[in-house]
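What's counted below: heavy atoms across the whole structure, side chains too, no hydrogens, waters or symmetry copies.
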Amino acid sequence: MATLHAQDRPDDNPPVPRWRYIAAGIVALLLVGGGLTFLLRPESTDCAEGVKKVEVAGGTRCVGLTDGSYPFTKDLRDVSRSIEKENQRVTREAAEPDGTPYVSIVYLLGMAPGRGDSNTPESVRHELEGAYTAQYEVNHHRGHGHTPRIRLLLGDVGNEEAQRDYTLSQIKARRGTDRIVAAAGLGTSLTGTNAMISKLSKLDIAAFGSVITADELEKTGGLVRVAAPNADEAAAAVQFLKSKEHAKDQVLIVQDANAQDLYTKTLGSRFGAELPKDRLAAPEPMQYDSSKSQLATYFNNQMPNLCLKRPGVVYFAGRGRDLPDFLAPLANRQCKSEQITVLSGDDVSQAAQAAGFNDVKQALRNGNIKLLFTGLAHPGAWTKAPQYYDKNAIVPFRPGGTFTTTFKDDSLDDGQAIMGYDAVLTAVTTIRKAVPLENSHQEIKRDAVLQMLTTLNDTNAVPGASGWISLRNNGSPKDKAIPIIEISSNGTTRTVDVTSSNTGDGHPYTPE
């Protein structure tokens, strides 16, 4: 074996070639730069395709447009999944040879109502369940025609203008690809609702309101409503007060003066205009402002004045969320030895799901108070006055029907599911009237759907589950069936009468 001399041995610390220092420096710079890029990159605002976080003064939430694959809240997972599944089936079958074409309806709501909103998470869920029920019925049963099939998209409009505008921008961008020809739902009667409907109209998208009732909305083009407007609710309340039980009662109007709420603004004024002046317990309403604080204190201070006027009926022109603040002091009034009936509008249907309902029940138990409201729909009306309802129209909500088998644990008592169903059903009826007669597979034009809005009357009236929908030219239903609903002290509801705005005999509209 040869012996290695010192000069022949490998260097234990050989010099590092210069190119290696350069390469290492470049790698380090790339790593640092990449890390900085990652750290400095703004957080993604995307929640899902077509849905993103939009920040407003009240906070950030995900809004936009989805086919049901993105549930806006945990509470909406099941109904969103049902809608997504039906949408996938419709799209898949349309792609087959000679497949049935489809169009899309966007259901617009504030999907995540918070404290102080007029809707509740339960009422939103119920409304979407009704919308899905209609989608399933018109796609699977031929009683409402056959083509086109219906995809149902869900649009969360949030509760601020920026959120609403983002969702509307998604609708505008996807009008063609998703074949959007109508919108339904539309939330409640607030000032922003009017602006939203106007923007939809500019996109040639017909709007079908489910529970919006403000009279001002009759001036908005491109809108029809399946709910009776405030003027009709007020007239129906006056019709009911002509009954033997209340014919001699003096009536005090309690009016919310919140300028942003179109519902309460017109409800009280319309009722006051309809009620004979000799029935008024006071020439002016007891007026409060729900946008300000200390409601309960205000009402407590007003109870001596209320007792002084000795009304047999109080007409509460306010939101259901404000009822606890009114009823609790009313239950402690000095004159509670005399029973008082509180009569209000349809928004009271939300009270059972809102904070403070235990206070409402306690007031009814201990305050010698009877609580009634003019509802938009109630299952008890089908039994109380079956002559005003089409038997086939209520099948989806009867035992074995689509709603009862799909959403076994949910209730119809707040009327929201029924109204959501009727809004989509009316939209589909209009859409299918716009199908060109010469070719059922021809594209349906959005403006053709708008053209057909004034055809839905008399022999073309829609047999809704909430009653017959025969539309006037202003988009409101004529003499719509309006159930008078009582909330009992244990929280249950029942229909005590079914009336309408009909100033003749008070009977709701039915086809001749």
Side-chain angles (χ1 to χ4, degrees), residues 130 133-134 137-138 141-146 150 182 184 206 208-213 218 223-229 231-233 235-236 239-240 346 374-398 401-403 412 415 417-435 437 449-484 495 497-512:
T133 300
E137 287 287 316
V138 300
H141 303 128
R142 293 177 179 261
H144 300 286
H146 174 62
I150 303 298
F208 297 82
S210 55
V211 300
I212 50 177
T213 60
E218 289 180 340
L223 169 68
V224 300
R225 298 184 283 183
V226 300
D232 287 11
E233 281 196 60
Q239 286 281 1
F240 175 70
D346 65 271
T374 48
L376 301 181
H378 190 264
W382 302 330
T383 304
K384 185 70 177 179
Q387 67 272 28
Y388 301 135
Y389 300 90
D390 181 84
K391 291 181 180 179
N392 292 323
I394 62 178
V395 166
F397 300 100
R398 291 300 198 186
T402 299
F403 180 89
L412 296 170
I418 298 170
M419 300 308 293
Y421 173 89
D422 279 358
V424 172
L425 176 64
T426 304
V428 174
T429 302
T430 311
I431 290 165
R432 288 180 173 173
K433 285 185 179 298
V435 174
L437 296 177
V449 178
L450 285 166
Q451 181 79 281
M452 297 300 153
L453 293 180
T454 55
T455 67
L456 302 180
N457 52 66
D458 297 331
T459 57
N460 289 326
V462 179
S466 63
W468 286 93
I469 301 163
S470 180
L471 294 172
R472 301 184 179 100
N473 286 339
N474 62 11
S476 295
K478 174 185 177 182
D479 295 334
K480 182 73 185 295
I482 298 175
I484 307 295
T495 297
D497 194 11
V498 178
T499 185
S500 79
S501 62
N502 189 332
T503 55
D505 52 18
H507 291 171
Y509 171 87
T510 54
E512 295 181 0

*Under a 4.5 Å cut-off applied to non-hydrogen side-chain atoms, are Thr374 and Ile484 in contact?*
yes

*So, Gln239 side chain and Asn502 main chain: donor-acceptor pair closer than 3.5 Å or not?*
yes

*asked:* Can you give me the closest heavy-atom contact between Pro463 and Ala393, atom names plus distance?
replied: O-CB, 3.1 Å

*Over all atoms of both residues, closest heavy-atom pair of Gly380 and Thr495*: C-OG1, 3.5 Å

*Minimum heavy-atom separation for Thr213 to Ala228, with atom names?*
CG2-O, 3.3 Å

*Does a side-chain heavy-atom distance below 4.5 Å link Ser501 with Asp479?*
yes

_Nearest 0.5 Å, please: how far is OG1 in Thr133 from CG in Asp422?_
11.0 Å

*Rounded to the nearest 0.5 Å, what separation is found between the NZ atom of Lys433 and the OG1 atom of Thr455?*
5.0 Å

_Are the side chains of Phe403 and Val395 in contact, using a 4.5 Å heavy-atom criterion?_
no

_Close side-chain approach of Ile418 and Trp382, heavy atoms under 4.5 Å_ = yes

*Least distance between heavy atoms, Tyr509 atom then Asp458 atom*: OH-CA, 3.2 Å

*Working to the nearest 0.5 Å, report the span between CE of Met452 and OG1 of Thr429.*
13.0 Å

*Sidechain-backbone polar pair: His141 side chain, Gly143 backbone, donor-acceptor under 3.5 Å*: no

_Side chains of Val226 and Leu425, heavy atoms from C-beta outward: is any pair under 4.5 Å?_
no

*Please list, chain by chain and in numerical order, all residues satisfying ring-ring contact (aromatic ring centres under 6.0 Å, His included) with Phe208, sequence neighbours excluded.*
none

*How about Leu471 and Ile469: do any of their side-chain heavy atoms sit closer than 4.5 Å?*
yes

*Can you tell me how far OH of Tyr389 sits from OG1 of Thr510, rounded to the nearest 0.5 angstrom?*
11.5 Å

*Given side chains that start at C-beta, do those of Arg225 and Ile212 come closer than 4.5 Å, heavy atoms only?*
yes

*Mind checking whether Trp468 and Lys478 have side chains closer than 4.5 Å, heavy atoms only?*
no

*asked:* Taking salt bridge (charged side-chain N to carboxylate O under 4.0 Å, His left out) as the cut-off, I'd like each qualifying pair that reaches into residues 468-477, sequence neighbours left out, listed once.
replied: Asp232-Arg472

*asked:* Let me confirm one number: the OH-CG distance from Tyr421 to Leu412, rounded to the nearest 0.5 Å.
replied: 12.0 Å

*Heavy-atom closest contact (Ala227 atom, Ser210 atom, distance)*: CB-O, 3.5 Å

_What's the separation between atom CD1 in Ile482 and atom OG in Ser500, rounded to the nearest 0.5 Å?_
6.5 Å

*When you measure from the side chain of Glu137 to the backbone N and O of Pro396, does any donor-acceptor pair fall under 3.5 Å?*
no

*Kindly give the heavy-atom pair with the smallest separation between Met419 and Ser466, and that separation in Å.*
SD-CB, 3.6 Å

